[in-house]
Amino acid sequence: MKTTTLTIIMAIITLMLPNTTDAQTRTQFGPDGFVRIEEGSGGFFADLDAGDRFSRDHDVAGDINGDGIPDLVIGARSDDDGQTDAGAVYIVFMNNDGTVQSNQKISALEGGFNETLLQGNFFGYGVAGIGDYDNDGIPDIAVSSGAASRALYIIHLNSNGTVKDYVKNTGIVAQGLSAVGDLNGDGKIDLVACDPGSDAGGRNRGEINILFLDEASQVITDNTVTINSTSEGFGVGLENDDQFGGREVAVLGDIDNDGTIEMAVAAFMSDGGKGAVWILSLDPNNYTIVSKVKITEGLGGFADTLDTGENPNGSFGGQFGHAMCAPGDLNGDGVPDLITGANQQGTGDLYILYLNTDKTVKTYTKVDEFEGGFDLVFDVEERFSRSLSFIGDLRGDGSIAVNVGGGVGQGGTGTLYLLFFQPCDFKQEPGLNHWNGGGTLFTNWSHAMQSLTSDSLTFEQCTSKAFETEAPYMTYNFNDGRCICKDSTATLTVSTELSTAFVNECAGGELSTSTNDLSPDEAGIKVFPNPTQAKVNLIVSNTRFAETGEVSVYNLMGELLQTSTISGQQTSIDLSAYPAGIYLVRTNISGVRSTSKVIKK
C-alpha cells in the first residue's frame with residue numbers, strides 16, 4: 001500500500017466534524033502487516049541464547065547512522081556476556097520496511113562499553129532514546145540495570161552504534177525507563193525511572209521518579225520528583241503489592257486543555273493482578289498531582305474482563321498496564337490515545353485505548369492472536385505486549401509502526417513484533433442506508449429477532465471487525481451499536497432503522513494516492529531531528545528551490561497549527577507548544593509542494 005500524506009491531510013480537512021453521524025469520511029488506523037524480529041528472523045542475527053530476554057524493553061533511538069531512518073535500542077537484560085545475567089543492549093539499524101539492516105551489541109565484552117558488569121546486574125532492564133545529549137550530532141541512549149545494582153547509564157554513541165563514552169549514575173532504581181520529553185525546557189529529554197517494588201507508603205506499592213540531567217549527563221538529585229501514594233495530591237487509591245510505576249510511563253500531553261500534563265502510569269498488579277492504568281494530571285511547574293483517574297475492569301470507562309488466575313511463571317492476573325506508549329490521536333476525535341497491554345492474559349493482549357477529554361476510556365480495540373487482523377501466531381507463554389514503544393511513520397507512507405515485545409516462552413530468546421497500522425478511510429454513503437444481501441463476514445445483529453446477538457460495538461470496534469474480516473462494506477447503527485460487515489457483492493439499500501453504510505477504502509486495494517506533491521527526497525527537503533522534543537530544522541538542499549516559500553504545520557486532524565516563510569536553505573520550526581504525537585510539515589516553494597511526517601515525543 002502507498003498512501004501519500006497529502007491524501008490524508010485533504011481527507012481529514014474535509015471532515016471538519018469527524019465524529020458526528022453526518023460525517024462523510026472517518027479515518028481509522030487498521031492492520032497493515034507486521035515484522036517479527038528475533039534471532040534469525042526479520043534480518044536480526046545476534047547469536048541470542050534462550051532466556052536472554054531480548055526486547056525486555058525497547059525504544060526509538062533516533063537516526064544514529066545518518067541514513068534517514070530511525071533506529072532502535074533494544075534491551076536483553078539476561079544476556080550472559082562476562083557473567084550470568086550481566087545484561088546487554090542492541091543498537092538495531094532499521095530499514096523502512098521494518099526489517100533489520102544490521103545491529104551492534106553493547107555489553108561488558110562488546111561495543112566499546114568497557115564497564116564491569118556483574119552477575120545479576122541485568123544491564124538493559126530499561127532503555128530509552130534520549131536525543132543528542134553531548135551535542136555531537138548523534139543520538140544517545142539511557143540504559144538502566146536491575147534493582148540490585150541501582151545504576152542508570154547515559155551512553156553517548158558513535159554513528160556505528162558503539163560506545164563513544166558513558167556516564168554512570170548510581171543509586172537509581174529503574175526497573176522501567178521512559179523518555180518523557182523536555183518537561184523543564186532545558187533542551188534535554190527527561191526520564192522517568194519506574195520502581196514498582198518501592199515500599200513507600202506500603203509493601204510493593206511502587207513509585208516513579210522524574211529525573212532531570214545536567215550538561216554532564218549527571219542526574220540532578222535535588223531536582224528529582226518522586227510520585228507515590230504519599231505524594232501531595234495522590235490521596236487514596238494505591239494498595240500494597242499494586243506495583244505502581246510498572247515498566248513504562250507515557251506522557252499524553254494536556255488532554256483536557258487545562259494547563260496540566262497528563263501522564264499514564266501503570267499499577268500492573270493492582271486488584272489481585274488484574275492491573276490498572278492511572279492517568280495523572282501534573283502541575284507543569286512542580287509536577288505535583290492535580291487530579292487522577294484509575295482505569296481498570298469496570299472503572300474509568302474500561303469494560304473488558306481482566307484475568308485474575310495464576311500464570312505459568314507463578315504470578316497472578318492479566319497485568320493490564322504492564323507497558324504502554326503514546327501514539328497520538330488514532331481515531332480523529334482530537335484527543336490523544338494510549339496503547340497498553342495485559343501481557344499475562346492468555347498469550348497476551350494489546351489494547352488501544354481511545355480516550356475522552358476527562359481521561360476516561362471512550363472505547364477500546366484489542367490485538368492478539370484472535371483479534372485485530374494481524375493473523376499473529378504465538379507460543380504458549382508468549383507474553384505479547386510485555387513491552388511497548390512507538391516508532392511512527394517508519395515507511396514514510398502515512399502508516400504508523402508500534403513495537404510490541406513477546407517471545408518469553410520456554411526456550412525463547414525474546415521477540416519484538418513490529419506492527420504496522422495504515423490510515424484507512426471509512427467513507428459514509430449519503431443518507432441513512434445499509435448494505436443488503438451479499439456475504440456476511442461479521443454481524444452482532446439478528447434481523448429476524450431485531451436484536452443484538454452479542455455486545456453492542458462502538459464505531460471503532462466495528463471498524464476493527466471490518467479490518468479483521470477484510471470487509472469492503474460496513475453497516476453501523478449509532479443508536480444501538482449494531483455492526484454488520486459485508487463482502488463486495490452486497491448492495492446499498494435505504495435503511496428504515498437509522499443505520500449508516502460505510503465503504504472501507506482499505507479493503508481489497510490501495511488508498512487513493514492522487515496528488516501532485518513530490519516526496520521530500522524528490523523535492524530536496526530534509527526535516528530533522530525526527531523524532532524531536534521541540535524544534536525541527538527544515539533544510540532545502542535543491543538549488544532550484546532557492547526562492548522564498550512557505551512551510552505549514554498540521555496535526556492529524558488536518559488543523560493548521562502554524563505557517564511561516566522559507567527564505568533560505570535552513571528554517572527552524574518550533575513544535576514545543578504542542579502535545580506529543582505526529583505532525584505534518586508541508587512545504588510550498590515556487591509552487592512545488594511536499595509533506596513530511598514529524599514525531600514529537
Backbone of G332 reached by a side-chain donor or acceptor of D329 within 3.5 Å: yes
Pair K362 + D333, salt bridge at N-O below 4.0 Å: yes
Sequence neighbours excluded, the answer for side chain to side chain donor-acceptor pair (under 3.5 Å) partners of D271 is K294
Ignoring hydrogens and angles, tell me if any N or O in the side chain of T443 forms a donor-acceptor pair with the backbone of I484 under 3.5 Å. no
F244 vs F234 aromatic rings, parallel, tilted or perpendicular, using cut-offs 30° and 60°? perpendicular
Return the minimal non-hydrogen interatomic distance between Q533 and K600, and the atom names on each side. O-CE, 3.5 Å
What one should report as the nearest heavy-atom pair of G438 and T489 is CA-OG1, 3.1 Å
Under 4.0 Å between a side-chain nitrogen and a carboxylate oxygen: does that hold for R395 and D97? no
Heavy atoms, side chains only, cut-off 4.5 Å: are L376 and D368 in contact? no
Backbone of Q422 reached by a side-chain donor or acceptor of D32 within 3.5 Å: no
side-chain contact (heavy atoms from CB on, under 4.5 Å) with Y583: which of L561, T532, I599? L561
Between F320 and F302, is the ring centre distance below 6.0 Å? yes
Any side-chain heavy-atom pair of N444 and D455 under 4.5 Å: no
Residues E381, R383: salt bridge by 4.0 Å N-O rule: no
Look at the aromatic rings of Y90 and F54 and report parallel, tilted or perpendicular, splitting at 30° and 60°. perpendicular
If you take all heavy atoms of S315 and Q319, which pair is closest and at what distance? OG-NE2, 3.1 Å
Tell me yes or no: SG of C462 and SG of C485, less than 2.5 Å apart? no
Does any donor atom in the side chain of Q428 or R26 lie under 3.5 Å from an acceptor atom in the other side chain? no
Does K274 reach the side chain of D307, with side-chain heavy atoms less than 4.5 Å apart? no
For T347 and E382, does a side-chain donor sit closer than 3.5 Å to a side-chain acceptor? no
Report yes if the side chains of F44 and R36 come closer than 4.5 Å at any heavy-atom pair, otherwise no. no
If only atom types and distance count, is the side chain of Q344 paired as donor or acceptor with the main-chain N or O of G317 below 3.5 Å? no
Taken in chain and number order and not counting sequence neighbours, the residues that satisfy salt bridge (Lys or Arg N to Asp or Glu O under 4.0 Å) with E310 are none
Should Y354 and L330 count as side-chain neighbours, where that means a heavy-atom distance under 4.5 Å? yes
If every non-hydrogen atom of A507 is compared with every non-hydrogen atom of A471, which pair is closest and at what distance? CB-O, 3.6 Å
Donor-acceptor under 3.5 Å (D254 side chain, D258 main chain): yes
Correct closest heavy-atom pair for S178 and E248 would be OG-CA, 3.4 Å
Using 30° and 60° as the class boundaries, would you call the ring planes of H434 and H447 parallel, tilted or perpendicular? tilted
Decide if the gap between the ring center of F420 and the ring center of F374 is smaller than 6.0 angstrom. no
Hey, does the side chain of E297 reach the backbone of L306 with a donor-acceptor pair shorter than 3.5 angstrom? yes
Under 3.5 Å side-chain donor-acceptor pair for S281 and E262: yes
Would you call D256 and K359 a salt bridge, taking side-chain N to carboxylate O under 4.0 Å as the test? yes
Can a salt bridge be assigned to the pair D480 and R482 using a cut-off of 4.0 Å between side-chain N and carboxylate O? yes
With a 6.0 Å cut-off (strictly less than), is the heavy-atom count around CG of D375, excluding the residue itself, greater than 12? no
Least distance between heavy atoms, R386 atom then S55 atom: NH2-OG, 3.1 Å
Taking the ring of F384 and the ring of F378, is the distance between their centroids below 6.0 Å? yes
Answer whether the closest heavy-atom distance between the side chains of W445 and Q450 falls below 4.5 Å. yes
Consider only side-chain N and O atoms of T491 and N436, and report whether a donor and an acceptor are under 3.5 Å apart. no
Report yes if the side chains of D57 and Y125 come closer than 4.5 Å at any heavy-atom pair, otherwise no. no
Please check this pair: side chain of T440 against backbone of F442, looking for a donor-acceptor N/O pair closer than 3.5 Å. no
Indicate yes or no: at least one non-hydrogen side-chain atom of D358 is less than 4.5 angstrom from one of V293. no
